[in-house]
Engineer: 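First, the structure itself, so that you have it in front of you.
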Amino acid sequence: MTDPTRAVEDRAAAGFTTRYGGQAAGRWAAPGRVNLIGEHTDYNEGFVLPFALPLRTVVAADRQDAEQWTVWSELSDETITFGADDVAEAGRVTGWGAYVAGVVWALREAGHRVPGARLAIASDVPLGSGLSSSAALESAVLAALLDLGGLELPAELQPRVAQRAENVYVGAPTGIMDQSAVIRCRAGHALFLDCRDESVEQIPFDLDAAGLAVLVIDSRAPHRHADGEYAARRRSCEAGASALGVPALRDVGVDQLDTALAQLDDEETRRRVRHVVTEDQRVLDTVALLRAARVRDIGPLLTASHVSMRDDFEITVPEIDTAVEAALAAGALGARMTGGGFGGCVLALIEADRADEVTAAVEAAYAERGFTAPGTVTVLPSPGATRLP
């Protein structure tokens, strides 16, 4: 096994040499992402505001002559091989390898001649924590194959290819946010993404200048019925839009909300609609504050987002709520669950010099309730997918 204490890019390179001999032609990295605000708005054609993490998945790779792809993963210390027949149609490769095969399949479906390749993958993006480890893997593989094959694919089109790999080949119904963030984010910025037309704007998010940081808290809560509950929330939103006669809930403005809610007979649907409409407005309000360099003032919006997810969208769990409450009590300016819900992570906007204090408060609250100890990392907005020197 490769030494996990080495930097992730070195582990990928060492894994390549150990498995294949020689050195890789290059190394390509793609980050995990965290969503600053805008939860469950993506499939409602609304707005999101993610930023890239310093945690990365790295692919070390080289071409091989055969129309064949050989992949080693640090996580499982397993090597898999698949060929042209396996990427002729969706679903033939399963398990973690499906994310790699899906990228090859999606590129071929888009008309690209994908080179055979040997790949070694290492990552420090935690799995199952809502930080988009799958999008990081897809995007790092995509960057490697584009470079190795000399393939032309503009950056604005790359997220769709990676998303198609996950939606169709793997069969996971994700929106466009994860791949857009992982590929298109810039250091020191959050990515303001309109999920209807996929236009983006880089919004300055200079935490350093404000003396702030974001503490990401991995709740370590097992995902409870996440897939089924996610699908149920999506159905509720679609039902709400249909009942209101709009293409998507994005088309209901916050000034129209009371009138819209009065048209809905079902209380649960009203709550779901209220979350999405108010969450879209919170994204817009956060963007306005960041454009004005008022970073500290976004804290209450983050906390309001969490309350809405807890009470109206009902996607939090006790570990998540405990982390938010403890972080706020310890002085966080704002805190919220991030990701699809039913587990995953919390982010807290904190004074940069108080990370240890907030972490200790969350750990103490977890211990008091008998929860598995959380993981924490302090992060700043980082670059998107790139080839490493």
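Excluded from the calculations below are hydrogen atoms, water molecules and symmetry mates; all remaining heavy atoms, backbone and side chain alike, are included.
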Engineer: So for atom CG, which belongs to Asp65, do other residues, nucleotides or ligands contribute more than 12 heavy atoms lying within a distance under 6.0 Å?
Structural biologist: no
Engineer: Without hydrogens or angle criteria, can the side chains of Arg118 and Thr70 be said to hold a donor-acceptor pair below 3.5 Å?
Structural biologist: no
Engineer: Check the pair Phe313, Ser236 against side chain to side chain contact (heavy atoms under 4.5 Å, CB included), reporting the backbone distance first and the verdict last.
Structural biologist: CA-CA 10 Å; Phe313 224 61; Ser236 289; over 6 Å; no
Engineer: Can you list the steps and then say if Leu157 with Val161 is a side chain to side chain contact (heavy atoms under 4.5 Å, CB included)?
Structural biologist: CA-CA 7 Å; Leu157 300 181; Val161 171; 5.8 Å; no
Engineer: Looking at His40 and Gly340, what are the two nearest heavy atoms and their distance?
Structural biologist: NE2-O, 2.8 Å
Engineer: Is the backbone N or O of Gln23 less than 3.5 Å from a side-chain atom of Thr17, with the two atoms forming a donor-acceptor pair by type?
Structural biologist: no
Engineer: Considering only NZ, NE, NH1 and NH2 on the basic side and carboxylate oxygens on the acidic side, decide whether Arg250 and Asp194 come within less than 4.0 Å.
Structural biologist: yes
Engineer: Is it true that atom CG of Asp255 has more than 12 heavy atoms of other residues, nucleotides or ligands lying nearer than 6.0 Å?
Structural biologist: yes
Engineer: Between Ser134 and Glu166, is any pair of side-chain heavy atoms under 4.5 Å apart?
Structural biologist: yes
Engineer: Between Thr278 and His275 (side chain of the first, backbone of the second, donor and acceptor by atom type, cut-off under 3.5 Å), is there such a pair?
Structural biologist: yes
Engineer: Between Arg196 and Asp251, does the salt bridge (charged side-chain N to carboxylate O under 4.0 Å, His left out) criterion hold? Intermediate values first, please.
Structural biologist: CA-CA 11 Å; Arg196 170 164 286 168; Asp251 297 298; 2.7 Å; yes
Engineer: For Tyr230 together with Tyr43, are the ring centres under 6.0 Å from each other?
Structural biologist: yes
Engineer: Decide yes or no for Thr338 and Val346: does some side-chain heavy atom of the first lie under 4.5 Å from some side-chain heavy atom of the second?
Structural biologist: no
Engineer: Look at Arg274 together with Asp312 and state whether they make a salt bridge at an N to O cut-off of under 4.0 Å.
Structural biologist: yes
Engineer: Would you say Thr174 and Asn167 are linked by a side-chain donor-acceptor pair, where the criterion is simply a distance under 3.5 Å?
Structural biologist: yes
Engineer: Look up atom CG in Leu148 and atom CG in Asp62, then write down how far apart they are to the nearest 0.5 Å.
Structural biologist: 6.5 Å
Engineer: Are Ile350 and Val379 connected in the hydrophobic side-chain network, where two residues link if heavy atoms are under 4.5 Å apart?
Structural biologist: no
Engineer: Give a yes-or-no answer on whether the side chains of Gln158 and Gln179 include a donor-acceptor pair shorter than 3.5 Å.
Structural biologist: no
Engineer: Hey, mind stepping through Arg336 and Glu39 against salt bridge (charged side-chain N to carboxylate O under 4.0 Å, His left out) and telling me if it holds?
Structural biologist: CA-CA 10 Å; Arg336 64 182 289 273; Glu39 228 60 78; 2.6 Å; yes
Engineer: Identify whether the distance between the nearest side-chain nitrogen and carboxylate oxygen of Glu357 and Arg354 falls below 4.0 Å.
Structural biologist: yes
Engineer: Before accepting this row, confirm whether a basic side-chain N of the pair Asp42/Arg234 lies closer than 4.0 Å to the acidic partner's carboxylate O.
Structural biologist: no
Engineer: Looking at every non-hydrogen atom in both residues, tell me the closest pair between Ala12 and Ala60 and how far apart they are.
Structural biologist: O-CB, 3.6 Å
Engineer: Keeping Asp218 on the side-chain end and Arg220 on the backbone end, is there a donor-acceptor pair under 3.5 Å?
Structural biologist: yes
Engineer: With a cut-off of 6.0 Å (strictly less than), are more than 12 heavy atoms of other residues, nucleotides or ligands near CZ of Arg186?
Structural biologist: no
Engineer: Whether the side chain of Thr386 engages the backbone of Gly384 through a donor-acceptor N/O pair (distance < 3.5 Å, no angle test) should be reported.
Structural biologist: no
Engineer: Check whether His306 reaches the backbone of Met337 with its side chain - one donor and one acceptor, N or O, closer than 3.5 Å.
Structural biologist: yes
Engineer: Begin from the C-alpha positions of Glu67 and Arg108 and carry the test salt bridge (charged side-chain N to carboxylate O under 4.0 Å, His left out) through to its verdict.
Structural biologist: CA-CA 12 Å; Glu67 199 173 39; Arg108 286 161 61 100; 3.0 Å; yes
Engineer: Going by distance alone, is a donor N or O of one side chain under 3.5 Å from an acceptor N or O of the other, for Asp206 and His189?
Structural biologist: no
Engineer: Identify which one of Val34, Val216, Val125 satisfies the side-chain contact (heavy atoms from CB on, under 4.5 Å) criterion when paired with Leu55.
Structural biologist: Val125
Engineer: Look at Arg291 together with Glu201 and state whether they make a salt bridge at an N to O cut-off of under 4.0 Å.
Structural biologist: yes
Engineer: Between CG of Leu289 and CG of Leu284, what distance do you get to the nearest 0.5 Å?
Structural biologist: 11.0 Å
Engineer: I need the minimum non-hydrogen distance between Pro300 and Asp297, along with the two atoms involved.
Structural biologist: CD-O, 3.4 Å
Engineer: Around Glu152, counting heavy atoms of other residues, nucleotides and ligands shown, do more than 12 lie under 6.0 Å from its CD?
Structural biologist: no
Engineer: Closer than 3.5 angstrom, by distance alone: can the side chain of Arg33 be matched with the main-chain N or O of Ser180 as a donor-acceptor pair?
Structural biologist: no
Engineer: Determine whether more than 12 heavy atoms belonging to other residues, nucleotides or ligands lie under 6.0 Å from atom CD of Gln202.
Structural biologist: yes
Engineer: Taking Ser139 for the side chain and Ala385 for the main chain, is one N or O donor matched with an acceptor at less than 3.5 Å?
Structural biologist: no
Engineer: Looking at side-chain heavy atoms only, is the closest gap between Thr41 and Phe47 below 4.5 Å?
Structural biologist: no
Engineer: Got a donor-acceptor contact below 3.5 angstrom from the Asp124 side chain to the Arg56 backbone?
Structural biologist: yes
Engineer: Tell me, with the steps shown, if Glu89 and Val168 meet side chain to side chain contact (heavy atoms under 4.5 Å, CB included).
Structural biologist: CA-CA 10 Å; Glu89 62 182 57; Val168 181; over 6 Å; no
Engineer: Val252 and Ala260: which non-hydrogen atoms are nearest, and at how many Å?
Structural biologist: CG1-CB, 4.0 Å
Engineer: Under a 4.5 Å side-chain heavy-atom rule over Ile, Leu, Val, Met, Phe, Trp and Tyr, are Val93 and Val59 clustered together?
Structural biologist: yes
Engineer: Check this for me: does any side-chain nitrogen of one of Glu314 and Arg310 sit under 4.0 Å from a carboxylate oxygen of the other?
Structural biologist: no
Engineer: Does a side-chain heavy-atom distance below 4.5 Å link Pro54 with Ser382?
Structural biologist: yes
Engineer: Please check if any side-chain donor atom of Asp321 sits under 3.5 Å from a side-chain acceptor atom of Thr316, or the reverse.
Structural biologist: yes
Engineer: So does Arg19 pair up with Glu74, basic N to acidic O under 4.0 Å?
Structural biologist: no
Engineer: Check whether Val58 and Leu119 end up in the same hydrophobic cluster, where Ile, Leu, Val, Met, Phe, Trp and Tyr are linked by side-chain heavy atoms less than 4.5 Å apart.
Structural biologist: no
Engineer: Donor-acceptor check, side chain of Arg296 to backbone of Ala210, threshold 3.5 angstrom: yes or no?
Structural biologist: yes
Engineer: Write down the atom of Thr57, the atom of Ser123, and the distance for their closest heavy-atom approach.
Structural biologist: OG1-OG, 2.7 Å
Engineer: Spell out, yes or no, whether Val48 and Ile37 are grouped together once hydrophobic residues are joined by side-chain heavy atoms under 4.5 Å, including indirect joins.
Structural biologist: no
Engineer: Apply the test salt bridge (charged side-chain N to carboxylate O under 4.0 Å, His left out) to residues Glu238 and Arg235: give CA-CA distance (whole Å), side-chain angles for both, the deciding distance (0.1 Å), then the verdict.
Structural biologist: CA-CA 5 Å; Glu238 291 167 352; Arg235 287 193 299 270; over 6 Å; no
Engineer: Do Glu279 side-chain atoms and Val283 backbone N/O form a donor-acceptor pair below 3.5 Å?
Structural biologist: no
Engineer: Is a side-chain donor-acceptor pair under 3.5 Å present for Trp72 with Asp77?
Structural biologist: yes
Engineer: Check the orientation of Phe82 and Trp69. Use parallel for under 30°, tilted for 30 to 60°, and perpendicular for over 60°.
Structural biologist: parallel
Engineer: List the atom of Phe205, the atom of Pro381, and the distance in Å for their closest heavy-atom pair.
Structural biologist: CD2-CG, 3.4 Å
Engineer: Determine whether Val104 and Ile80 fall in the same hydrophobic cluster, where Ile, Leu, Val, Met, Phe, Trp and Tyr are linked whenever their side-chain heavy atoms lie under 4.5 Å apart.
Structural biologist: yes
Engineer: With a 3.5 Å cut-off and no angle check, do the side chains of Ser308 and Arg282 form a donor-acceptor pair?
Structural biologist: yes
Engineer: Does atom CG of Asp266 have more than 12 heavy-atom neighbours, drawn from other residues, nucleotides or ligands, at distances under 6.0 Å?
Structural biologist: yes
